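Step one of this worksheet: look at the structure below.
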Amino acid sequence: MAIVNPDFIQDIREFGADDLSACFNCGNCTATCSLSDQYNSFPRKMIRYSILGLEDEIQASVDPWLCYYCGDCSSSCPRQADPGNLMMAVRRYLVASYDWTGLSKKLYTSKVWEIGVIGFISLAVLFLFIFFHGAMPTELTSQGGVQLNTFAPSRIIELVDWSVAGFLSFFLLSNILNMYFKIVRTRKDLKIPFKLYLTEFYQLIVHFLTQRNFSKCDTEKVSFMTKVRNGNYTYWLIHFLLMSSYVILFTMIVGFLGWFQTDIVHPWYFPQRILGYYSTIGLLIGIIYFSALRFKRENEKSKKSHFTDWTFLLLLFLTATTGILVHFFRVNGMPMATYYTYVVHLMVLFPMLIVEVPFSKWSHLAYRPYAIYFSNLINKASELAVVKKSKS
Amino acid sequence: MKERIGVYICHCGGNISDYVDVDELSKMFQEEDGVIVSKDVMFTCADSNQKDMVKDIQDHNLDAIVVASCSPKLHLHTFKNVASRAGLNPTNYVQVNIREQCSWPHSDQPREATVKAAGLIRAGINRVSHSESLDNIEISVKKSVLVLGAGVSGMKAAIDLARLGNEVYLVEKDYFVGGRIAQAEKLFMAGEKGTEIISKLFGELKSHNNITLFTGATIEKASGSLGNFHVDVKIKPRYIRGKADPVLVQRAIEECSVFINDEFNFGLSKRKAIYKNYPEAFPDVPVLNPEALRNQQEFISKYASCFDLDQQDEVLSLIVGSVLVTTGFDSYQPKVNEYGYGNIANVLTLPEFNRLVALSPDKLIYNDKPVNKIAFIYCVGNREKKGENKYCSRQCCSAAIYSSLELKEKYQGIKAYHLYRDIRTYGKQEILFEKSSRQGDIYIRFDEKEPPVVEQVGTSLMVKVKDYLTYKKELEVQADIVVLVTGMVAREDSQQISETFKIPIGSDKFFNEIHPKLKPVETVIKGVYIGGACQGPKNISESVQSSLSAVAKINALLKSGTVSIDPVIANINNDLCTWCGKCAEVCEYTAIREIENGDKHIAAVNKAICTGCGICAPICPVNAIEIAQFTDLEIESMIDGFMSKIEIPEQAALTEKNEDGEVLKMKEFPQIWKNIVHSINGDKKTVLQISQELAVDKDIIMYHVMTMHKYSVLVANGMDQKQQYYYYSLKK
Amino acid sequence: MSDVVFKPKILVFSTDKISDPGIDQAGLRKIHYSPAVYVISLPCSSGIKPKWILHAFEKGFDGVFIAADGHECSYSPKCPEHTNRIIEESQILMKANNINPKRIRMAAICSVCAEPFSSHMENFSKILIGLEDMKVETGKVL
Ligand SMILES: Cc1cc2nc3c(=O)[nH]c(=O)nc-3n(C[C@H](O)[C@H](O)[C@H](O)COP(=O)(O)OP(=O)(O)OC[C@H]3O[C@@H](n4cnc5c(N)ncnc54)[C@H](O)[C@@H]3O)c2cc1C
Ligand code: SF4
Ligand code: SF4
Ligand code: SF4
Ligand code: SF4
Ligand code: SF4
């Protein structure tokens, strides 16, 4: 028995949904969706839950994470109810509902909170530098580089990085645990054998690394090369570029800062520089591509942008450009410019990490593969249950 | 006995002659006794053949004709007219159906079909030989109409009948006109007020002095028939003097301290014992409730110049030429505890709820509690699989959705749930549904098998429902008020009206028209018409449409002062009849009465009323009744015809057709087909060329060429240079 | 072949407004039924005289079928009662004349009842063929 909550429509609108009320349940969207299958039927069901305000049912659903927002459903909806956008809004809602601190909901539904928190972290970084920065030597190293590690010793920054990373992982992991409880543990009717947890884990890895489901979104029957030429894979490719750049940078900053933030000016082919270039260029291409899509509003998935979509892109863009500038000034021996841009760089980097990773858009990077993992667990377990039943 | 009969047997371009050996039959009937002309014709209904028939009838002085072709439903009147044009009485014509009831259903057995066709035609010949020349019955009619019920249908009809010059008596049961629409605050689609429409119509009513309106009036008795109905109208008094000073009456109302139940508002409020339904109600004279004021002697005598408690019921007799019944509908009254109705305080019907909204100007409060959440439950008392009301009331979906839209306009913070079975906002009303859905009204679909359950929980209501749109999930809907969207049912007194005017009623108790498509406002009682929602569920525009088509029918009927009706009626054989009265007992229309004839009493049929149904005929113990055109002689001679011996030479009967039965034999071709074949002769030609060559009109050639193409006699063979005409050549 | 098979001759009484159009429908849709079926159309099935039915049997019809309007009758709500009464009276007459009362049947046929009509004809033919006394009486059995 579930109580209908008519106020939920307004709540989900704050997460970016808009026309869902127009839905008259024809089911065209579910019929056209190439990812919806016999185990997970969406997006109509999710619209229905949203209209009725069945929050428990929504929070127990993995379906929103299985949608890669191709927009086919929205273009086939006879009522322009925009089911694809609803799925996006529900994902934001889910991010907020997994987050037990409640901060995520604030960030998603209030611009004041979003800007406030980002501003607060930036200022904190600024004040830390004002009071604790190291010496600002103007003489250069033997290769002609700036002595950045004297201004901000990588050991200390690394410590800060690690504590931030610990902080982020704690929240992210606890949120994922919360997600696990909401999705898997609510299925009281199912017994999931322990072995399944292990065998299904490799799927998680594969999905994280390849984002494979994107390509399933298109069902046109033409050859692979034609698709490449027609740009059918562009979105996937650029999303992959962006994501991998992000992961590389993240690993280098959090894991190998001593190696990454160096005062030595390596030759251009040195891996530290190559990786750095790859990821900054990857980031920039990605940011420009996605921003352009959001500006043009031509395809379904980029038609509607929530303000948090823009903040993510903006923070990422600022991080990347200030990073490049730091590198440029350092390699070209411009000490004061290096120090100031470095401060600005960290002033955007930290809010970006702290706000986006566990509490906002970035977190879908973690939730999506887990959702597939949980969904596989549930589906396999129910299959097993059926088999068992038919045997006995 | 007719002895100069013409027989025409139709090929129907192959529809008949593909299976029935029409040639052979026409030859066979040339030998028949009494048959002067027997022909087979490609298309009997074609203009050219009709002309030939007229000529035949005149040249050969035929006294009867038989056409063996398609179903009489198609061409009965065509050939009746042919007969009339030739100076032959149309009752001396018989149509034999050898297509729908012979060549088509027996296309699998051509030989048997031919034998059957012969039997059918012979029966037709036998029948026509016993036919009598009958003239239509002429009746003089009064140019006056009784319109029963002054709802929107009746008022509109009365106005238009009056405008067309008829004397109209508009009889309304209530003390005020307008019917149901007075109770709806605003009406879909345009949002007019029901009361405004009524005021407008009443203004028009008043401007016609050939309309007499009776309010508080019902029909006591009706008799007579088309052209001359005798109707007794009983009028209840208002207990207000006719010449009372309106100002004084108004003062009396203000002073009146006795309150009674307000039926117009379904008891949601009280009204004074001197009242009008609503302030602007018409006629603009209040009504006094004498029981309620029994103990108010002082008050009564104070206003003695206004009140007259001695007024009595009055009965007036009217004579009218025609009757239009527009008595409308009742709203379904839920049974006790149907969805909690009657037991749970905040469960209302839609009409009741609409009154509540009309009475609540800025805040919606019911039973001292503000109302924010409203759950509508649809199809109450309608579309029942088991119950009596199997039909859909077709306007309640729109009415409920419109109410819900209006609520949101009128009050703040309203949430509406619609628990429905199907949404039937057909036509333009679909816009209402879409609007309400986009505004965030929540639609939940249940099935009749698992209806919602309404429960009282504390001070509010809880509706439990299995939502078919959410995998039959059990949902709980919290509501302050539950509105039962009740459908339309027939008026409580419909049985009584039906008995008074002999209008048939259906199993749903609404009045029945003769034919829903072809005679939608006529009843089997000549001169009695129905319009509006008394025929079955209708919204306002549909109601008015049907009552206005009745107006057109009535006006056409009464216009000339006489009407002519079919001579198919019962005839009594005065010698045989012994007046046992049995026939009069079974006649639904009281068309038979007892008369004196010389020294004995016999039955007599009122020609104007008799429908020719024939129900009285078999009941007569002395077989004194026969129905014109269906006499014993005619029917029995048909039976003889079916069973007469028929010799069809084996070879002459058509051999089996090929699989699609589409090949025609040259010998069956009509002359023009033969000419076309000769004209083409191995070559290819366009319709234009053939037409010039044969000197026959292009359209006629076109028609035949198309038919020949259909039967694969010709095939298309490219187009001419101007791409205007196809070439045709013979099929090998 | 066709000469050997006994096709019972059936006289159908139909009604102008409802069942006759239903029978027409069967033709229109080329739904086949026995060509030994002959139809007389009347205003109302309550107007059939038992005398006519007897006449039909005397003239050699094997069966009489009344295609009635049932409750759809536009003349009288009591139409089914009247028609039943006529059938009962006819059966009394038939018994008196040594005709098996099973040789008369009635069913409601509506204006779109094409298939029902043809299956009624088929069933009735089968029943007529199966009647013991018919075999003896007519000797028409294959
Ligand atoms: C809740 C509700 C909301 C609706 N809303 C709309 C809407 O928004 N738009 C719309 O198009 N339609 C609406 N309808 C339908 C509309 O009410 C009908 O179509 C319309 O009233 C039919 O008019 P009528 O004149 O045929 O019948 P009625 O309105 O029923 O009028 C019949 C009249 O005949 C009188 N009468 C009855 N019996 C007798 C008798 N024995 N002797 C003398 N007089 C008699 C009655 O007193 C009455 O005055 C609504 C219906 C309902 C129930
Ligand atoms: S296609 Fe549109 S209207 Fe149909 S179910 Fe999906 S969202 Fe609703
Ligand atoms: S956006 Fe694409 S993947 Fe997502 S629900 Fe719609 S059709 Fe399915
Ligand atoms: S109009 Fe709607 S509410 Fe009324 S009976 Fe039909 S389906 Fe039910
Ligand atoms: S049933 Fe026959 S005999 Fe009796 S009154 Fe009627 S017509 Fe005369
Ligand atoms: S045919 Fe007989 S029963 Fe029928 S209306 Fe005429 S008199 Fe009455």
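All of these numbers come straight from a predicted model, not from anything done at the bench. Labels below follow one simple rule: chain letters A, B, ... track the order of the sequence lines, proteins then strands, and each chain is numbered from 1.
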>> Tell me whether the count of non-hydrogen atoms from other residues, nucleotides or ligands lying under 6.0 Å of NZ in C:Lys30 goes above 12.
In response: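 Yes, because the 6.0 Å sphere around NZ of C:Lys30 holds more than 12 heavy atoms from other groups.
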> Can C:Leu42 and B:Ile635 be said to form a side chain to side chain contact (heavy atoms under 4.5 Å, CB included), step by step?
Replying inline: CA-CA 10 Å; C:Leu42 303 169; B:Ile635 301 294; 3.8 Å; yes
Who among [options] has the most heavy-atom pairs with chain B under 4.5 Å?
{"options": "C:Ile40, C:Ile86, C:Thr15, C:Leu28", "result": "C:Ile40"}
{"options": "C:His71, C:Lys17, C:Lys78, C:Lys59", "result": "C:Lys59"}
{"options": "C:Glu89, C:Arg85, C:Arg29, C:Glu58", "result": "C:Arg85"}
{"options": "C:Ala36, C:Ser34, C:Cys79", "result": "C:Ser34"}

Which atom of [X] lies closest to which atom of [Y], heavy atoms considered:
{"X": "B:Phe630", "Y": "C:Trp52", "result": "O-CZ2, 3.6 Å"}
{"X": "B:Asn623", "Y": "C:Lys51", "result": "ND2-CE, 3.4 Å"}
{"X": "C:Ser76", "Y": "B:Tyr589", "result": "N-OH, 4.4 Å"}

>> Heavy-atom pairs under 4.5 Å with chain C - which of B:Pro618, B:Ser644, B:Gly119 has more of them than the others?
In response: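 Option with the top pair count is B:Pro618.
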>> Using a 4.5 angstrom heavy-atom cutoff, name the option from B:His515, B:Lys116, B:Arg99, B:Lys502 with the most pairs to chain C.
In response: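 The residue among B:His515, B:Lys116, B:Arg99, B:Lys502 with the greatest pair count is B:Lys116.
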> Checking B:Ile627 against chain C: side chain, backbone, both or neither under 4.5 Å from a heavy atom?
Replying inline: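 No part of it gets close to chain C.
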> Is it the backbone or the side chain of B:Asn97 that comes under 4.5 Å from a heavy atom of chain C, or both, or neither?
Replying inline: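 Interface part for B:Asn97: side chain.
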Any donor and acceptor pair, going by atom type alone, linking the side chain of [X] with main-chain N or O of [Y] inside 3.5 Å?
{"X": "B:His106", "Y": "C:His32", "result": "no"}
{"X": "C:Lys49", "Y": "B:Asp632", "result": "no"}
{"X": "C:Tyr75", "Y": "B:Gly612", "result": "no"}

> Just checking, is any N or O donor in the side chain of C:His55 or B:Asp640 under 3.5 Å from an acceptor N or O on the other one?
Replying inline: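 Short answer, yes.
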>> Would you compute the distance between atom NZ of B:Lys73 and atom OG of C:Ser111 and round it to the nearest 0.5 angstrom?
In response: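 Those atoms lie 10.5 Å apart.
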> Can you tell me how far SG of C:Cys73 sits from CD of B:Glu588, rounded to the nearest 0.5 angstrom?
Replying inline: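 The distance works out to 8.5 Å.
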> Where do C:Gln25 and B:Glu100 land on the side chain to side chain contact (heavy atoms under 4.5 Å, CB included) test, with the steps shown first?
Replying inline: CA-CA 7 Å; C:Gln25 275 279 321; B:Glu100 281 83 347; over 6 Å; no
>> Taking the side chain as everything from C-beta on, heavy atoms only, tell me whether B:Ile615 gets closer than 4.5 Å to C:Cys44.
In response: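 Yes - at least one pair of side-chain heavy atoms lies under 4.5 Å apart.
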